[in-house]
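Lettering follows sequence order; numbering is per chain, from 1.
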There are 2 protein chains.
Amino acid sequence: MSKRPAGRLELLDDVGYLLARSSGIAVRHTNDALAEVGLRVRQYSVLSAACDTGGISQRALSDFLGLDPSQIVALADELQRRGLVERVPDPRDRRTRLITPTDAGRQVYAQSKAAAEAASERSLAPLTDDERGILRELLRRVVTVTSREPAVASEASSAR
Amino acid sequence: MSKRPAGRLELLDDVGYLLARSSGIAVRHTNDALAEVGLRVRQYSVLSAACDTGGISQRALSDFLGLDPSQIVALADELQRRGLVERVPDPRDRRTRLITPTDAGRQVYAQSKAAAEAASERSLAPLTDDERGILRELLRRVVTVTSREPAVASEASSAR
DNA sequence: TCGAATAGTTGAGACTGTCAATCATTGATA
DNA sequence: TATCAATGATTGACAGTCTCAACTATTCGA
């Protein structure tokens, strides 16, 4: 019998809060599910992008995942240490190193993907299939449009 | 210019990933906006709940925000140190201390709420008003249904 | 009354977000 | 072509967050 706070909680109208809260729930479920293959959700996302592309530069990974380049280094180190990815020098630009999945990496990815999907199922239990589709499309727009922050740069500035 | 990874990125179909990514975007925008009043989004959420309820136990706060009780302690400490909330002993249970807003706290909350709404506006720029409403409803269901998972889910319904 | 459960607190360890600085390489240009 | 700015990767640092375990004070039930 958790005592439900009486007042009207404005946070429940705040999409920013709701995003953070539901993300927290999903991450927790996913980490729980991925524990069986010894991965965390961050490493899983890197492995996924590596497998889907067959090899992706750390810079592109950083852009795509919205993480600082230094975080990519640590994640790649760990995945490499466990033999799931390799750093392959890009012949066309010797500065970049392509994060490339190994066979073991692809195998682990297949397993972890199933686990991640089961976790997602749990997080989104309150929604119907149609609603999940709608949610996915809306979030995809937020992510793909917002993440490319071109030099449009209005006068407001100060961002980032 | 930005080299778009070639392969089909399955992460963009993963609602869990999309939630984490869009939450990250929203939190960044909100923290930027709240910087002008010297708050971070976590402190803002505590202050908001305190103001909306007029006084809420740390335990209820912990449940509502999905945070560990020890995190509430730190957040309340900081808000209290800055004179925005007080810890008022609950006469009906001397174990609990109600996190209660001060006048200054209510004032700062009003300002920060406007800032947070502006940030939300920025994060959700790709969506129409209708779509934002849909997103809010879907996320609210995920949060309010999923967050209560006591062993006995006897207390269903109620939520509107 | 006694023991289990609860509210709050403290402390620790791992993970995350953000910055600044460094090195090698690339690309543009005088 | 020599040079310099920009870029990709890396390291290190520091604050913030998540998750536990342990502890005290208080409440509640048998």
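- For Gln58(B) and dT6(C), the CD to C1' distance is 13 Å, given to the nearest whole Å.
- The distance between atom CG of Leu39(B) and atom C1' of dG16(D), rounded to the nearest whole Å, is 15 Å.
- Salt-bridge check for Asp14(B) with Lys113(A): failed, with every basic side-chain N at 4.0 Å or more from each acidic carboxylate O.
- Toward the 5' end of DNA chain C, the nearer of the two residues Val41(A) and Val73(B), judged by each one's closest nucleotide, is Val73(B).
- Counting non-hydrogen atoms under 4.0 angstrom, Leu67(B) reaches the backbone sugars and phosphates but no base.
- In the set dG8(D), dC19(C), dT26(C), dC19(C) carries the atom at the smallest distance from any side-chain atom of Asp68(A).
- Residue Arg92(B) is classed as having no contact, given no heavy-atom separation below 4.0 Å to the nucleic acid.
- Atom CG of Leu65(B) and atom C1' of dT17(D) are 14 Å apart (whole Å).
- In terms of phosphate contacts, Arg94(B) brings no side-chain nitrogen or oxygen within less than 4.0 Å of OP1 or OP2 of dT24(D).
- Ion pairing of Asp13(B) with Arg140(A) is present here, as a side-chain N (NZ or NE/NH1/NH2) and a carboxylate O approach within less than 4.0 Å.
- Under 4.0 angstrom from either OP1 or OP2 of dT26(D) there lies no side-chain N or O belonging to Arg95(B).
- Remark: C1' of dT17(D) and CD of Gln71(B) are 6 Å apart, rounded to the nearest angstrom.
- Between Arg132(B) and Glu137(B) there is no salt bridge, since no side-chain nitrogen of the basic residue lies less than 4.0 Å from a carboxylate oxygen of the acidic one.
- Dashed line: the shortest gap from a side-chain N or O of Arg97(A) to OP1 or OP2 of dT10(D) is under 4.0 Å.
- For Ser70(A) and dC19(C), a side-chain-to-base donor-acceptor distance below 3.5 Å is present, hydrogens and geometry of angles not being considered.
- Of the residues listed (Thr100(B), Thr96(B), Ile99(B)), the one engaging Arg87(B) in a side-chain contact (heavy atoms from CB on, under 4.5 Å) is Ile99(B), and it is the only one.
- Taking the nucleotide of DNA chain D with the nearest heavy atom to each of Ala76(A) and Asn31(A), the more 5' of the two is matched to Ala76(A).
- Distances shown here put a side-chain N or O of Arg42(B) below 4.0 Å from the OP1 or OP2 atom of dC18(D).
- The distance from the CD1 atom of Ile134(A) to the CG atom of Leu127(A) is 9.5 Å, given to the nearest 0.5 Å.
- Straight-line distance from the CG atom of Leu98(B) to the P atom of dT6(C): 19 Å, rounded to whole Å.
- One interatomic measurement links the two molecules: CG of Leu75(B) to P of dT9(C), which rounds to 12 Å at whole-angstrom precision.
- In this structure, CD1 of Ile72(A) is placed 13 Å from P of dT18(C), rounded to the nearest angstrom.
- Here dT18(C) presents its C1' atom at 11 Å from CG of Asp32(B), a figure rounded to the nearest Å.
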